[in-house]
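Numbering of ligands and ligand atoms starts at 1, following listing order. What you see below is based on every heavy atom in this structure, not just the backbone, and it leaves out hydrogens, waters and symmetry mates.
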Amino acid sequence: MYNAVICRYHEIATKGNNRSHFERTMLENLRRILRVQLPDLRYRKIRGRIWMEFADRRDFTVEELKLVQKELQLRALGIENFSPAIVTEPDMEAIESRLKAAAAELLVDLIEQANAEKRTLRFRFRARRSDKNFPLKSQEIEIKLTSLLGGIYGRENLKLDLNDTADLTIGVEVREELSILWLETFAAPGGLPVSSNDRALALLSGGIDSPVACYLTMKRGSPVDYIGFHSEPYTPPETVEKVQGIADYLNTFQQSGRLYMINLVEMQKLIRDNCNPRLRTVLYRRLMFRIAEKIARRRKIKALLTGESLGQVASQTLENMNTIDRAVDMLVLRPLCGQDKLETIRIAEKIGTFELSKVQVPDSCTVFAPDNPATRVTVAEAEKEESKIPGYWEMIETLAEQALNGDKA
Ligand code: ATP
Ligand code: MG
């Protein structure tokens, strides 16, 4: 019954001069999301909305619609909501006949459901007429269609409700060349289209937090490359495989980003052998930041990205976060900073990374980790310990260089 899907956005609409850049990016993203499964779908940008329809304007099958729905709800970053829609000729007879058919498919179930709950289904029409020569005005269209449905289903089953309390809002739009009808609206992720902003380099662990931080950053428009640290042979191959799996999955939300894997173990040994054990956690993290910064600069990436959340673990006290931050001269995005763990877990479950993250494998940070890490390390203390590490800066350079050249770490 549906031969189109209409996608609406919210924030893009406020973008003024940049708007067409955002819209083009959005269109490309939708194409990328559905290209493989529905190659003959066409995309059009019409008055602040994006339409999808098949080249020959045929109806979507139930399976096709389900697929589109699932993909848009999960991956259409930048889309606020969408409606499966019926596009037909711009005349009342056509609109009425398509409405009757659609109502027969959808309304009967909804009415039954409402009756079972001992209430009456409340509905309303929202009509818009952009063709001013159309014989009926918007309100007249609404009245005519309301009485059409009322006549078929009866007042005891359908109650007009012009407020937001309506269970069902049926949209009608009449334009010069066509008219559109929709009965259902589904929420999409919202935000901004990924790739409408500059790239960030994410420090990606196998944990729950950093994949969510990546997703939230993509949802603000920035595509993401990844850098993961391991400590083979002190961490098993599964540690690397897990991060690769998560990066692959995150890449289904954007045009593929690149993953750099780096073995930290030699540096960790030097830190173990030369520095105060209580500072190891902070020293590891400063090291990770510095290697990431080197790679970012070479790739002309302007920000790092982490899954840090204030106060969550020893390395995330305000003092330690500050000391870690001072290791680099680059913007560090921390989208989870003010987030509770449970909120983060909820997002992880919704976007599908939780299943991947919850598999237990050892993390690079836990190699030689102290029993009671210092929670208040000053910049001066960290620098003093780092000055005891032979070849510290050269090693950072070498590890970054190896990763950039794609050497197996
Ligand atoms: P996550 O769930 O993302 O691992 P976490 O709550 O375990 O976070 P930490 O272990 O302190 O917190 O890590 C803080 C951040 O540092 C991570 O979110 C990630 O961005 C980065 N990080 C930690 N370990 C690694 C690693 N092995 N490789 C790359 N980045 C890492
Ligand atoms: Mg972790």
Subject >> ligand 1 N/O within reach of S210 N/O, cut-off under 3.5 Å >> reply: yes
**OP:** Look at atom 4 (O) of ligand 1 and say whether a protein heavy atom is found at less than 4.0 angstrom from it.
**Re:** yes
Subject >> Proximity of H230 to ligand 1 by residue part, where a heavy atom lies under 4.0 Å >> reply: neither
Subject >> N/O separation below 3.5 Å, D209 to ligand 1 >> reply: yes
Original post:
Does the N or O separation between F229 and ligand 1 drop below 3.5 Å for any pair?
Top reply: yes
**OP:** Would you mind telling me if ligand 1 is within reach of the side chain of D363, the backbone, both or neither, using heavy atoms under 4.0 Å?
**Re:** side chain
Original post:
Does any N/O atom on I208 come nearer than 3.5 Å to any N/O atom on ligand 1?
Top reply: yes
Subject >> Min heavy-atom dist T239 to ligand 1 below 4.0 Å >> reply: no
**OP:** May I ask you to check whether G307 has an N/O atom sitting below 3.5 Å from an N/O atom of ligand 1?
**Re:** yes
**OP:** Please examine the side chains of V174 and R128, heavy atoms only from C-beta on, and report whether any two atoms are closer than 4.5 Å.
**Re:** no
Original post:
P211 to ligand 1: N or O pair under 3.5 Å?
Top reply: no
Subject >> Partner set under ring pair (Phe, Tyr, Trp, His ring centres under 6.0 Å) for F82, not counting sequence neighbours >> reply: F186
Using distance only, find each side-chain donor-acceptor pair of residues 279-289 under 3.5 Å and give its atom names and separation, not counting sequence neighbours.
from	atom 1	to	atom 2	distance (Å)
R280	NH1	F368	O	2.7
Y284	OH	V367	O	2.7
R286	NE	E386	OE2	2.7
R286	NH1	T323	O	2.7
R286	NH2	E386	OE1	2.9

